[in-house]
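By convention here, the first residue in the shown sequence is residue 1. Whatever order the structure lists them in is the order used to number ligands and atoms, beginning at 1.
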Amino acid sequence: MVKVNIPEIFAEDVFTDAVMQQRLPKNVYKQFKKSIEDGKDLDLATADVIANEIREWAIEKGATHFAHLFQPLTGVTAEKQDSFITAPKSDGSVMTAFSGKELIKGEPDGSSFPSGGLRATFEARGYTVWDTTSSVFVRHDAGGTTLLIPTAFYSYNGEALDQKAPLLRSMQVISDASIKLLRLFGNTTAKRVAPSVGAEQEYFLVDEKKFQQRKDLIYAGRTLFGAPAPKGQELDDHYFGTIRQRVAGFMKNVNEELWKVGVTSKTQHNEVAPAQHEIAPIYANANVAVDQNQVVMQTLKRVACQHEMKCLLHEKPFAGVNGSGKHNNWSLVTDTGENLLEPGSTPHENRQFLLVLASIIKAVDKYAGLLRESAADPGNDHRLGANEAPPAIISVFLGSQLEDIINQYIETGSASTSIAGGVLTTGSTALKDISKDATDRNRTSPFAFTGNKFEFRMVGSRDSIASPNIVLNTIVAEAFDEASERLANASDFDAEVDALIAEYAKAHNRVIFNGDGYAEEWVKEAEKRGLPNLKSYVDATEVLESEEVIALFDKYGVLSPTELKAREEVKYENYAKVIHIEALTMIDMAAKQIIPAVIKYTKSIADTVLAVKEAGSDASVQADILAEVSDLLKETKAALVALKEVTEEASEKTDVKVQAHFYNDVVFKAMGELRAPVDQLELIVDKEAWPMPSYGDLMFEV
Ligand code: ADP
Ligand code: MG
């Protein structure tokens with residue numbers, strides 16, 4: 001076996017700070033760092049020198065092409081590749097070149113990307129701009145080696161057409177607001193605060209040959225039909241179970257590939273559903289984490305193909321077993337290394353932490369709908385509210401220790417004690433007793449405090465984590481600013497901090513919930529508390545129209561009203577398109593594969609009935625099965641006709657919002673009505689006659 005040395009291979013394909021220092025002239029390196037620190041533009045002469053060094057480095061790595069990586073509103077990464085080739089000289093020879101301009105700015109004709117009306121096809125110009133705080137790297141794949149440059153994507157008029165631009169803006173906003181607050185608490189050293197983000201990514205692996213036999217997996221990324229396998233996830237034997245060798249080999253390659261490009265792949269394990277797994281890197285600054293999560297998703301897909309498997313990133317590839325999400329762990333860390341969400345050992349004495357906490361609670365309560373919206377993805381509608389994922393209702397889990405402190409504030413206006421963690425007695429002399437955390441976990445909470453960070457668990461597995469972080473950064477910045485304003489004018493600082501914590505705790509206590517988020521009673525209780533329960537993607541999208549949300553993003557310059565409106569349109573359009581594709585795929589599969597297969601099968605039973613009768617035996621069992629199958633076939637045909645009709649009706653609607661609602665209310669329902677009889681048929685019809693691999697084949701025979 002080839003030995004893997006992590007420190008040796010880590011970031012070998014990244015133009016890291018160390019490489020930069022080594023290769024760039026001292027003054028150029030200094031200027032580059034300074035431009036980042038001051039948030040100033042890089043002058044072209046400096047950019048030229050950097051670009052030249054990057055080109056030489058990349059060519060040493062084998063690169064022939066470069067590409068600006070950007071994240072349009074599709075949720076995935078896009079790139080346009082250019083080779084380093086120059087025009088031939090008079091003697092016919094060519095050279096390689098890469099200019100500062102090419103490094104800093106790209107101009108993809110991106111008129112086909114969703115822009116929500118921000119850009120008509122005739123004004124196709126869009127610009128990608130290098131994000132100097134996320135490293136340049138090379139990727140090796142079947143297409144050779146490519147230099148990749150993380151960028152943000154803007155329209156000709158400067159409107160953000162992607163996820164990255166508003167994310168970077170929101171990072172500035174939360175940094176400024178945090179520093180303002182820290183100064184009031186006497187911190188004079190921190191210059192910046194960055195949201196730190198760690199994204200845990202869930203995914204499924206299936207065999208490629210079987211994948212290719214399922215049109216639903218090919219077109220929709222999820223199964224649209226499929227009867228449950230005899231075994232599901234009820235034994236919990238897959239969760240954290242031994243990783244199968246084929247999958248282990250895949251994970252090994254994924255890790256190596258990720259380490260090489262500087263992604264700190266850390267944790268891996270089997271997840272709850274059969275064929276489901278998880279990978280998580282160590283957290284990084286939000287923009288880097290967002291970029292790296294895209295790299296993780298791409299790498300999972302690419303390496304799966306090399307292992308003759310397919311990686312499914314859809315939120316609900318299979319009905320009846322858990323879907324996949326992405327836990328977005330979020331905290332705020334100063335450039336001097338202080339985590340504002342670190343409670344310390346006696347949190348009741350840590351006023352700064354408690355005010356930060358109370359402000360976050362306030363922000364999450366005030367903008368619960370917006371936070372829910374940030375995790376809306378068509379596939380996520382299958383998860384949120386189902387029994388494995390957090391409900392569609394936003395609530396905050398604090399754990400017993402912090403909840404107790406918040407309650408002390410509500411009751412008395414201050415806090416005087418912190419519940420201690422205690423000791424876990426192992427009951428055996430062979431095992432040492434261990435100290436316990438002050439707080440247990442709650443897996444059912446959508447927004448849970450886990451020690452020194454919040455974990456937002458609603459995000460879908462396929463989606464970019466940019467939106468939730470844009471929202472978190474901005475809503476918390478507003479809450480911090482409101483607190484700072486009060487504190488700046490306070491005569492007794494500590495008393496005012498206490499007053500604020502108590503005030504926020506009282507006003508927003510309703511969003512705190514430590515119980516079972518999956519329970520039916522919680523839905524009722526939440527309704528009583530007046531918490532929004534936005535069950536579907538289309539319901540959630542409406543939040544983007546609210547005055548409060550428009551004003552928030554506008555005030556902080558994160559998204560202009562025009563940019564926000566565009567995003568709303570893109571969201572409706574996207575939903576309509578996704579459901580349309582799913583409906584057409586079902587129609588295709590039912591009409592061309594399933595119904596013909598069942599017709600053939602009924603013929604074979606009918607032949608048997610006749611033959612058995614002719615032979616003078618009782619054919620009633622065969623006749624019963626024939627009748628049952630024929631009934632279901634009839635139901636299937638009727639449901640197919642109905643689905644065709646409503647899909648056509650949907651596609652004719654011109655208003656995107658009306659259309660999206662129609663797809664959700666009518667088409668989606670009709671899809672369920674077609675699926676039901678087909679899944680029943682699958683349980684009766686001869687396995688040999690069924691035209692595609694079953695759930696059992698897909699999930700248990702990877
Ligand atoms: P768990 O979900 O079991 O708490 P971990 O503690 O391993 O798992 O963390 C999950 C993810 O959260 C990882 O990506 C980890 O790097 C990240 N993480 C840990 N601490 C922080 C923090 N302070 N801020 C943001 N992310 C963090
Ligand atoms: Mg977690």
Leu341, portion touching ligand 1 at heavy-atom distance under 4.0 Å: neither
Mode of Lys266 contact toward ligand 1 - side chain, backbone, both, neither (heavy atoms, under 4.0 Å): neither
Asn293 side chain reached by Val290 side chain, heavy atoms, under 4.5 Å: no
Subset of ligand 1 atoms that lie under 4.0 Å from at least one heavy atom of Ile282: 16 (O)
Asn452 touching ligand 1 at heavy-atom level, < 4.0 angstrom: yes
No-hydrogen, no-angle side-chain donor-acceptor test under 3.5 Å, Thr417 and Gln408: yes
Side-chain donor-acceptor pair present, Asn255, Ser265, cut-off under 3.5 Å: yes
For Pro281, atoms of ligand 1 separated by under 4.0 Å from a heavy atom: 13 (C), 14 (O), 16 (O)
Sub-4.0 Å heavy-atom approach of Thr450 to ligand 1: no
Asn329 and ligand 1 - part of the residue with a heavy-atom distance under 4.0 Å: both
Expected output: side-chain Thr16 to main-chain Val19 donor-acceptor under 3.5 Å: yes
With sequence neighbours excluded, residues passing ring pair (Phe, Tyr, Trp, His ring centres under 6.0 Å) with Phe318: Phe204, Tyr695
Ser359 side chain to Lys362 side chain, donor-acceptor N/O pair below 3.5 angstrom: no
Residue part near ligand 1, for His327, under 4.0 Å between non-hydrogen atoms: neither
Within the 6.0 Å centroid threshold, strictly below: Phe456 and Trp330: no
Partner residues of Asp463 under the salt bridge (Lys or Arg N to Asp or Glu O under 4.0 Å) criterion, sequence neighbours left out: none
Gly198: numbered ligand 1 atoms lying under 4.0 Å from its heavy atoms: 14 (O), 26 (N)
Close-contact set for ligand 1 against Asn339 heavy atoms, below 4.0 Å: 23 (N)
Thr267-ligand 1 polar pair, N/O distance under 3.5 Å: no
